[in-house]
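Notes to accompany the following structure.
Excluded from the calculations below are hydrogen atoms, water molecules and symmetry mates; all remaining heavy atoms, backbone and side chain alike, are included.
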Amino acid sequence: MDCKLRAKNCGGCPLLGLDYAEQLKQKEEKVRALVGKYGPVHPIRGMEQPYHYRNKVISAFAPGFGGKLTSGIYATNSHKVLPVESCLLQDEVLDKTMQAVRAAANACRYQPYDEDKGTGLVRHCLLRRGVATGQVMVVLVTAQPVLPGAKNFVKALLAEAAQRGVTVTTVVQNVNSRKTSVVLGEAEKVLYGKGFILDTLCGKTYAISPRSFYQVNPAQTAVLYGLAVEAAKLTGKEVVLDAYCGIGTIGLTAADHAKQVVGVELNRDAVQDAIGNARHNGVKNARFFAADATRWIGEAAAAGEKADVIFMDPPREGSTPEFLASVARMAPKRVVYVSCNPVTLARDLATLTKLGYKAEGFTPVDMFPHTEHVETVVLLSHKKADSYIHIDVEFGEGEGKIPVDSIAKRAEAYKPKEKVTYKMIKEYIEAKYGFKVHTAYIAEVKRNLGLPMYDAPNAVEELKQPRKHPTPEKVEAIKDALRYFAVI
């Protein structure tokens, strides 16, 4: 199957002219060449129908014939827009939806944005579809906050979509006034519907907003996440850390099989979506934090936090040496690395191997047929010792023997300190000073002193809410308690 846009330098699917079986072979061989020395590479998981799999479409507006606007994608290495009526990779429902958007925009006489002159109104259109639910989202990106005739646009869009057999669930205006190639701006206004759509993946329902990260190939995502959870070998007793968690898809998929799931993600909007998704699905054993994954896991490891299994799903740039070192400090039994770039996967595997982990096996997954990209799932387990040394030790008095008294003294010196709890601190202060202090006050003082607070997540959450700060008297009392328990 071929596409006329390839001759116009589209570049969206460079492998389209290659037989699909050969595409899969090349991708599998690429993964094997890069990581095969670390462990066995299993057969790649491809698609039965490798077309029209993308549930997300981004189109740029441009001037068309007769003063009307058109839309499409940028030609390779240029800002020239190639008009697109249909695409072999895009969901066919979204092709029809984009036709309706163009018709409605032309009916309202909207002008395309000119990035050189800074004139015009409409810049891009982002479309999403929940394949399992059939719900459709339209996001119109404008260069200014005011959308003239917004109600008329929505009315025209719904009518044009209905004529094409498409039901639009929600319409959102996104405002991006910056001179940038980034598609979405920060400000949004819901013009119709609720501003999000729902989709179902691996038995869980997810709310997808305009800026949510959500895999674009739902069929292969189910395969990818299924392999990841299977590799984790969960029994229901494990504490699981989902690093780079996005809207919580991997963590929530694993939650049914784990004791506790903790997700970490830098994007605050994604974390809010993750919390909402957990609530919507009735998942009560998952918590999500908005933080840089490398910094969070470093502080958690320093505080003695442990995880039995860690899921890693980093961006194409891969992970960082600091993050991987902190993973080793947390000493999980298993690490499941979900990679979208075998080059950075190979680099990170070299580090993890030095840190004592061994790859048990790799499974490539073709998430993006007709492109050069390939995902890979790998399970890493902590290495077992290659050999053992047997030493006989004789205790007692005399030459060559180890005195029992010295063993006892060393054991006492290295005896683990009792964990200091917030309850102990509060009881100490009440007994000595005669007043009570709130857990959030203790957390605030600890934070100001640079101490970890991950053993009091509720207190950390409360610190985000507007409240009074502790008085100087209470601050000194808390510091006194921390000194008493040798925390500082």
Side-chain angles (χ1 to χ4, degrees), residues 55-64 67-74 79-81 83-84 94 97-130 135-161 166 168-198 207-214 216 246-247 265-274 276 290:
N55 62 10
K56 175 184 175 183
V57 172
I58 297 176
S59 290
F61 289 107
K68 293 187 177 182
L69 59 73
T70 187
S71 67
I73 60 176
Y74 292 113
H79 272 212
K80 178 185 176 182
V81 174
V84 176
L94 297 184
T97 306
M98 194 62 226
Q99 294 169 13
V101 171
R102 284 196 300 271
N106 278 316
C108 293
R109 298 187 178 183
Y110 293 155
Q111 294 299 307
Y113 176 74
D114 186 315
E115 60 184 8
D116 294 324
K117 298 178 181 178
T119 59
L121 175 63
V122 289
R123 300 180 65 151
H124 295 91
C125 183
L126 182 151
L127 305 176
R128 289 181 180 267
R129 179 170 180 252
Q135 296 185 4
V136 174
M137 170 189 289
V138 174
V139 182
L140 189 68
V141 184
T142 63
Q144 62 187 41
V146 178
L147 180 63
K151 291 183 179 180
N152 290 334
F153 170 75
V154 171
K155 184 178 179 180
L157 171 60
L158 297 181
E160 291 285 350
V166 177
V168 174
T169 307
T170 188
V171 182
V172 179
Q173 178 193 0
N174 178 277
V175 182
N176 186 355
S177 58
R178 297 172 296 170
K179 289 188 175 182
T180 175
S181 59
V182 176
V183 173
L184 296 179
E186 295 298 322
E188 290 179 355
K189 181 180 180 181
V190 178
L191 303 179
Y192 175 77
K194 296 182 178 180
F196 63 87
I197 59 174
L198 299 176
I208 306 166
S209 58
R211 281 192 288 261
S212 293
F213 173 79
Y214 190 68
V216 300
I247 63 172
E265 167 63 44
L266 182 61
N267 186 310
R268 290 187 175 275
D269 291 330
V271 171
Q272 289 302 315
D273 285 341

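Annotation: side chain to side chain contact (heavy atoms under 4.5 Å, CB included) contacts of Y214 (sequence neighbours excluded): N55, R128, D199, L201, Y206, I208, I247, T249. The side chain to side chain contact (heavy atoms under 4.5 Å, CB included) search around T119 returns D114, K117, not counting sequence neighbours.
Inter-residue side-chain proximity for L184 and N176 is flagged as unmet; no heavy-atom pair is nearer than 4.5 Å. Residues N106 and L69 meet the side-chain proximity criterion, which asks for heavy atoms closer than 4.5 Å. You'll find the side chain of N174 stays beyond 4.5 Å of the side chain of T142, heavy atoms only. In this structure, the side chains of L121 and P148 come closer than 4.5 Å at one or more pairs of heavy atoms. Side-chain contact between L147 and Y110: present, with at least one pair of heavy atoms (C-beta onward) separated by less than 4.5 Å.
Looking at every heavy atom in both residues, V81 comes nearest to A62 through CB-CB, 3.8 Å. For the residue pair G246 and A274, the shortest heavy atom distance occurs at O-CB, 4.0 Å. Residues Y113 and K179 approach most closely at OH-CG, 4.4 Å, considering heavy atoms. Here the closest heavy-atom approach between residue T70 and residue P63 is recorded as CG2-O, 3.8 Å. The shortest heavy-atom contact between L191 and A150 is CD2-CB, 4.4 Å. Heavy-atom minimum distance, G120 versus A143: O-CB, 4.1 Å.
Of the possible donor and acceptor atoms, one in the side chain of R211 sits under 3.5 Å from a partner among the backbone N and O of G185. Side-chain atoms of E160 never come within 3.5 Å of backbone atoms of A104 as a donor-acceptor pair (strictly under, hydrogens ignored). Of the possible polar contacts, one joining the T169 side chain to the V136 backbone as a donor-acceptor pair under 3.5 Å is found. Judged purely by atom type and a 3.5 angstrom limit, Q173 uses its side chain to pair as donor or acceptor with the backbone of P145.
Here the straight-line distance linking atom CE of M137 with atom CD1 of I197 works out to 5.0 Å at 0.5 Å rounding. Rounding to the nearest 0.5 Å gives a distance of 12.0 Å between NZ of K68 and CD of Q111. Between the CD1 atom in I58 and the CG atom in L94 there is a gap of 11.5 Å [rounded to 0.5 Å]. Atom CZ of F213 is separated from atom NZ of K56 by 8.0 Å, given to the nearest 0.5 angstrom.
Here the options are Q99, R102, H124, the test is side chain to side chain donor-acceptor pair (under 3.5 Å), and the partner is S71; only R102 passes. Exactly one residue among V122, L158, L140 makes a side chain to side chain contact (heavy atoms under 4.5 Å, CB included) with F153. That residue is L140.
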request  = Could you check V138 against L127 for side chain to side chain contact (heavy atoms under 4.5 Å, CB included), going step by step and ending with a plain yes or no?
outcome  = CA-CA 5 Å; V138 174; L127 305 176; 3.7 Å; yes

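Between the side chains of D269 and S209, no donor-acceptor pair is found at a separation under 3.5 Å.
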